[in-house]
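Residue numbers start from 1 in every chain, and the chains themselves are labelled A, B, ... in the order their sequence lines are given, proteins ahead of strands. Only a predicted model underlies this, so the values are computations on that prediction, with no experimental measurement involved.
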Amino acid sequence: MSQLSTADKKRLLRSMLYARRFEERCYEAYVERKIGGFLHLYPGQEACAHGVLAAAKAGHDYVITGYRDHVHAILCGAPPREVMAELYGKETGSSKGRGGSMHIFDVRYRFMGGYALVGGPFPLAVGIAKGIKMKGGDEISICFLGDAANNQGSFHESLNMAKIWQLPVLFVCENNLYGIGTRIDRSTAVLDQYKRVCGYDMPAKQVDGQDIEVVYQAAQEAVNYVRSGKGPYFLELKTYRYRGHSMSDSNAYRAKEEEQEWARRDPVLILRDRMIKAGDMTQDDYSALDKEIIDEIENGVIKFAEESPEPRVEELEKYVLAENDPYVRGGAK
Amino acid sequence: MADLMYWEAIRRAHDEEMARDPLVICMGEDIGVAGGTYKATQGLYDKYGPERVIDTPISENGYTGVGIGASFVGVRPIIEIMSVNFAWLAMDQIANSAAKVRYMSGGQLTAPVVIRTPGGTAHQLGAQHSARMEKVFMGIAGLRVVTPSNPKQAYGLIKSGVRCNDPVFINEHELMYNMKGEVPDGEYFHPLEGSEVARHGKDVTLFGYNISVHWCLQAADVLSKQHGIDAEVVDLYALSPLDRAGIAESVSKTHRAVIVEEAEPMVGVGAEVMAIINEECFFELDAAPVRVSAATVPIPFNRTLEKATIPNANDVVKAVLKMFGK
């Protein structure tokens, strides 16, 4: 199991801070009404996706997730400006403005989509793993979902099938303690999610999801296990979201003390402070990096989204069904 | 042309497509070792093995989603749902994943799955095993819905469905698996859109699909022999998209329409065909179109009540005679 090098940490700190600023900028654009619909933001959970995808082969392994999907897409390789353009509903967006925040797709980088039915991606991830196994590739299928998705039947159905067919799928549970606005202890009989996996006879582990080095270590073990053909693996990351479930959420259901406690465990700051302490960077370096990122998002991402064209109404019905599929008419002879 | 039973035609389509392409698989409850409830996959487990003929747990939503996910990366799954009633459980994956993924990904991802399942009311299977759900699937954008009325269609619709890049829902029928009919000896791909004139006539069009085509044909025979009415029978094997042009063409010729459906009338095929007639050829009509539909009840167990729920050829004859004032 390798440790993160200083260069790795610098790259990951930059990427986590970028994710944080990207999401905060989405928030502003939403408040300005430039982004419509639902918007589910990722601040607080950055170490989860970053740690796992640093251990996996982003862009090579298949990744699927729920509606809190912007950062996962970007980490697979989706250009941030295309993700932002999608939030703006533009033709240049990842899904050509047809998907929106909850349905970012970038199949070029094997980001197989964000889905908005809680628990919906579980069986899709297992199916992708089935396809990988049939085709004999070395990819793995990684399914990121929250704790509340485990209360859907699809969780149990999917883990069972992943195990009986020994498929290369890694289930990553980002346990942020809330299912929409309901705290886990009011909705779920067993609070530690990894314990619920004992019925499916696969390795399951729980680690701190705020410390990227801890996530990275655990994810390496999980990824190696799945990639070696031993079957599915379940990794639970204990984390917290700093904003409400979505933008329409007043967040009134959480205690201020609880929020403050988790704010002290900010994944970006944990890594930053550790690097400063180790002499790998200074506070000034960090401030300069932050400013660089904010400028980059403003000039390279927001500008692109704002200046991009709307989809054409003439193409409203494009993408419903395949175009000119010969078998619709009984085959090409 | 060989005479095959409906189930044999389905089995042959599976076998040919699986022999051709190693990424074609089939999956469902009891389809492998047990050979399939309606024998549609008989012998395929021994021929292609457990990786490609997959006995699934009784997890309809889960395994339907697994098939859909596999289709994202190049696999061509034929998913059997043992009874259409169980498709309610798989509705999330069918409607929210398979049907929408092409659109919501801006055309990047498609779900080329075939989902085949018997619908219809058989013999005293009770309310939860007798559903007719085609109307439900017809209402979902992004899904093709077809329903074979004979072995040739049953064979050719699977062949086209497997190769088409859209999700295709094939509504079979519990009572039709042992029906015999001619199937071409060579490969045959049935269109996934359109309709077929099953009997040419000039006085009235009887629209049917799946099992109701046979009620229409029987009724047309009686109408011709006993009442001198020459009925045309149009087989709507494609329910979504519906063949607007074919519907209008026949009605413009006969000027009268009776739509025969095994399901309840509310929000059904009959209602939809009537709307199309209104929109496409209203001024061609000599009489108001009529529906022959099932009673709006959960299917009763009692045989007499069950028979009273579902229409038959005699009901079609009566509806036509009434239309002609006889």
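Heavy atoms closer than 4.5 Å to chain B are found in the side chain of A:Leu117, but not in its backbone. The contact between A:Leu316 and chain B is made by backbone and side chain atoms together, counting heavy-atom distances below 4.5 Å. For a residue to count as touching a neighbouring chain, one of its non-hydrogen atoms must lie under 4.5 Å from one of that chain's; by this rule A:Ile164 touches chain B with the side chain only. Neither the backbone nor the side chain of A:Phe122 comes within contact range of chain B; no heavy atom of the residue lies under 4.5 Å from a heavy atom of that chain. Contacts between B:Val75 and chain A at a heavy-atom distance below 4.5 Å involve the side chain alone, from C-beta outward. Of the atoms belonging to B:Asn96, it is side-chain heavy atoms, and not backbone ones, that fall under 4.5 Å from chain A. At a 4.5 Å heavy-atom cutoff, B:Thr110 makes no contact with chain A through either its backbone or its side chain. With a 4.5 Å cut-off on non-hydrogen atoms, B:Thr64 does not touch chain A at all. Looking at B:Ile25, only its side chain comes within 4.5 Å of chain A, counting heavy atoms on both sides. Only the backbone of A:Lys318 comes within less than 4.5 Å of a heavy atom of chain B; no side-chain atom from C-beta onward does.
At a threshold of 4.5 Å between non-hydrogen side-chain atoms, the residues B:Ile79 and B:Glu60 do not count as touching. A heavy-atom distance below 4.5 Å is found between the side chains of B:Glu17 and B:Glu187. Residues B:Met18 and B:Val53 meet the side-chain proximity criterion, which asks for heavy atoms closer than 4.5 Å.
A:Asp61 and A:Arg227 are joined by a salt bridge, as a carboxylate oxygen and a charged side-chain nitrogen come within less than 4.0 angstrom of each other. Using a 4.0 Å cut-off between charged side-chain N and carboxylate O, B:Glu193 and A:Arg329 make no salt bridge. Remark: A:Arg98 engages A:Glu91 in a salt bridge, criterion side-chain N to carboxylate O under 4.0 Å.
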Would you sort out whether A:Glu82 and A:Arg108 count as a salt bridge (Lys or Arg N to Asp or Glu O under 4.0 Å), showing the intermediate values? CA-CA 13 Å; A:Glu82 293 179 13; A:Arg108 294 170 299 181; 2.8 Å; yes

Evaluation steps, side chain to side chain donor-acceptor pair (under 3.5 Å), between A:Ser101 and A:His70: CA-CA 7 Å; A:Ser101 164; A:His70 315 161; 2.8 Å; yes

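Among A:Val107, A:Leu321, A:Val320, A:Ile132, the residue with the largest count of heavy-atom pairs under 4.5 Å with chain B is A:Leu321. Among A:Leu167, A:Asp106, A:Ile64, the residue with the largest count of heavy-atom pairs under 4.5 Å with chain B is A:Asp106. Each of B:Pro50, B:Ser105, B:Gly74, B:Gly161 has some count of heavy-atom pairs under 4.5 Å with chain A, and the biggest count is that of B:Ser105. Listed options A:Ser141, A:Gly127, A:Gly153, A:Gly99 were ranked by heavy-atom pairs under 4.5 angstrom with chain B; first place goes to A:Gly127. Interface summary for chain A: among B:Asp92, B:Ile54, B:Leu192, the most heavy-atom pairs under 4.5 angstrom belong to B:Leu192. Ranked by heavy-atom pairs shorter than 4.5 Å toward chain A, the options B:Pro22, B:Gly194, B:Gly106 are led by B:Gly106. Comparing A:Met161, A:Lys96, A:Lys133, A:Met102 by heavy-atom pairs within less than 4.5 Å of chain B, the highest count is held by A:Met161. Counting heavy-atom pairs closer than 4.5 Å to chain B, the top residue among A:Gly97, A:Gly100, A:Pro123, A:Pro121 is A:Pro123. Chain B forms the most heavy-atom pairs under 4.5 Å with one residue out of A:Ser154, A:Gly137, A:Gly120, and that residue is A:Gly120.
Between the side chains of B:Asn210 and B:Glu134, no donor-acceptor pair is found at a separation under 3.5 Å. Side chains of A:His156 and A:Tyr200: a donor-acceptor N/O pair is present below 3.5 angstrom, by distance only. A donor-acceptor pair shorter than 3.5 Å can be found between the side chains of B:Asp15 and B:Tyr48. When only modelled atom types and interatomic distance are considered, B:Tyr63 and A:Glu157 share no side-chain donor-acceptor pair under 3.5 Å.
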